[in-house]
Amino acid sequence: MTQNNPIHPVFPSILSTNFFDLQEKLTTFAAHNIDFIHLDVMDGHFVDNISFGPSASRAIKSRFNFKIDAHLMVDNPGKMIPQFIAAGSDWVSFHLETHEDIKENISLISGQGRKPGLVLNPDTPVENVFPFLEDIHYVLLMSVFPGRGGQKFIPASIHRVAHLKKEIINRGTACLIQVDGGINTSNIPDLQNAGADLLVIGTFLYNSANTADTLMEILNKINGA
Ligand code: DX5
Ligand code: ZN
């Protein structure tokens with residue numbers, strides 16, 4: 001989490017929360033200066049699960065001041081990007097593994113003044129995103145295979161973060177590195193040392209008895225306490 005990165009490095013994912021607790025969780029996040037909520041959007045085709053659509057972005061923006069980071073695990077990002085932008089999403093990421101024109105879909109996002117991101121599955125070579133580093137605001141490196149929350153962190157993700165960070169530094173781009181899946185206080189120090197800027201956290205936050213305490217525990221870890 002770099003010093004010149006003024007936003008809160010924790011991006012809570014609401015995929016694993018019980019929807020009846022959502023208002024209370026979001027209120028806790030707001031009280032702890034969380035800036036972004038991560039929406040795990042699943043279409044039942046790109047991944048074998050279905051989650052929620054643009055209405056989730058619209059609903060959160062109508063009640064809270066959060067920015068929305070929409071992670072599109074969908075086969076047709078070109079169709080969904082405009083809908084999530086219309087629903088208020090501020091950052092939109094889509095998978096490099098989709099079969100549409102990557103640069104075209106990036107400009108669908110940046111053309112509307114929003115921040116584009118590219119997502120890589122754990123088995124997609126990091127080099128595959130290098131040609132796009134100058135066109136995007138962030139790279140999301142999945143540390144689990146996409147489709148559901150609560151999975152085990154893939155340790156090789158640490159090396160992938162370091163490899164990508166080295167290329168970003170060599171190119172002198174401002175591209176941020178976001179990591180998503182199985183993140184908890186035990187793997188945060190390694191992710192931070194490897195160069196991760198932003199952490200998507202779901203289950204570890206929702207499984208805890210006290211979300212506020214867990215948020216503080218995470219922040220202490222990030223700040224090296
Ligand atoms: C997988 C999802 C999850 C979720 C967070 O498709 O993208 O990675 O955001 O996962 P947990 O619950 O492991 O923090
Ligand atoms: Zn996600």
Side-chain angles (χ1 to χ4, degrees), residues 8-19 21-22 25-26 28-29 34-54 56-57 60 66-75 77 80-81 84 89-98 109 115-124 129 136-158 160-161 176-188 190-192 196-208 211 214-215 217-219 221-222:
H8 195 298
V10 176
F11 282 43
S13 158
I14 63 167
L15 181 72
S16 310
T17 185
N18 173 329
F19 287 123
D21 301 339
L22 193 52
K25 295 286 181 206
L26 292 174
T28 304
F29 295 151
I34 289 287
D35 291 308
F36 280 79
I37 296 299
H38 182 86
L39 289 187
D40 283 305
V41 179
M42 301 179 181
D43 66 356
H45 296 279
F46 185 79
V47 291
D48 295 341
N49 194 356
I50 294 179
S51 57
F52 28 67
S57 173
I60 294 172
F66 295 119
K67 288 191 182 301
I68 298 291
D69 168 35
H71 169 194
L72 303 185
M73 290 164 269
V74 300
D75 263 351
M80 298 317 297
I81 287 165
F84 274 87
S89 295
D90 303 272
W91 292 15
V92 183
S93 64
F94 62 95
H95 276 256
L96 201 58
E97 299 86 7
T98 48
I109 303 164
K115 301 289 189 195
L118 280 173
V119 194
L120 277 69
N121 283 342
D123 57 353
T124 297
V129 80
I136 54 179
H137 186 66
Y138 61 122
V139 175
L140 168 47
L141 291 180
M142 293 303 294
S143 39
V144 296
F145 280 89
R148 55 188 169 72
Q151 301 178 73
K152 220 168 143 349
F153 180 83
I154 299 171
S157 310
I158 305 286
R160 287 166 58 83
V161 170
L176 297 171
I177 301 177
Q178 185 185 53
V179 185
D180 174 355
I183 296 178
N184 55 48
T185 43
S186 65
N187 47 44
I188 285 175
D190 286 342
L191 281 168
Q192 182 168 10
D197 299 293
L198 308 170
L199 304 172
V200 175
I201 306 180
T203 304
F204 185 64
L205 271 174
Y206 297 115
N207 278 3
S208 73
T211 306
T214 305
L215 262 179
E217 213 189 310
I218 291 169
L219 258 188
K221 229 11 146 182
I222 289 171

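Counting starts at 1 for both ligands and their atoms, following the listed order. These figures come from a predicted structure and were not determined experimentally.
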Considering only the protein, which heavy-atom contact is closest to [atom], and what is its distance?
atom	answer
atom 1 (C) of ligand 1	Arg148 O, 3.5 Å
atom 5 (C) of ligand 1	Asp180 OD1, 3.4 Å
atom 14 (O) of ligand 1	Gly202 N, 2.8 Å
atom 12 (O) of ligand 1	Thr203 OG1, 2.5 Å
atom 13 (O) of ligand 1	Gly182 N, 2.8 Å

Within a distance under 4.0 Å of any heavy atom of [X], pick out the atoms of ligand 1 and give their elements.
X	answer
Ser13	4 (C), 9 (O)
Gly150	11 (P), 12 (O), 13 (O)
Ser16	12 (O)
Gly181	8 (O), 10 (O), 13 (O)
Val200	9 (O)
Gly147	1 (C), 6 (O)

Determine the minimum heavy-atom distance between [X] and [Y], stating which atoms define it.
X	Y	result
Val129	Leu96	N-CD2, 3.9 Å
Ile14	Phe19	O-CE2, 4.5 Å
Gly182	Phe153	O-CB, 3.3 Å

*asked:* Can you confirm whether Lys25 is buried at NZ, in the sense that more than 12 heavy atoms of other residues, nucleotides or ligands lie under 6.0 Å from that atom?
replied: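 Enclosed.
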*State whether the number of non-hydrogen atoms from other residues, nucleotides or ligands found under 6.0 Å of Asp48 atom CG is greater than 12.*
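At most 12 heavy atoms, drawn from other residues, nucleotides or ligands, come within 6.0 Å of this atom.
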Kindly indicate whether the side chain of [X], heavy atoms from C-beta on, has any atom under 4.5 Å from the side chain of [Y].
X	Y	answer
Ile222	Gln192	yes
Ile81	Leu72	yes
Ile177	Leu198	no

Counting heavy atoms only, which part of [X] comes closer than 4.0 Å to ligand 1: side chain, backbone, both or neither?
X	value
Met142	side chain
Pro146	both
Val144	side chain

[X] versus ligand 1: do any nitrogen or oxygen atoms come within less than 3.5 Å of each other?
X	value
Leu15	no
Asp40	yes
Phe145	no
Met42	no

Donor-acceptor pair, [X] side chain versus [Y] backbone, under 3.5 Å?
X	Y	result
Glu97	Leu120	no
Ser13	Leu15	yes
Asp40	Ser16	no

*Using the ring of each side chain (for Trp, its six-membered ring), is Phe36 parallel, tilted or perpendicular to Phe11, with breaks at 30° and 60°?*
parallel
*Over 60° means perpendicular and under 30° means parallel, so classify the ring planes of Tyr138 and Trp91, tilted if in between.*
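Trp91 vs Tyr138 ring planes: tilted.
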Find, among atoms of [X] that are N, O or S, the one nearest to the Zn ion (ligand 2), and state its name.
X	result
Asp40	OD1
His71	ND1
Asp180	OD2

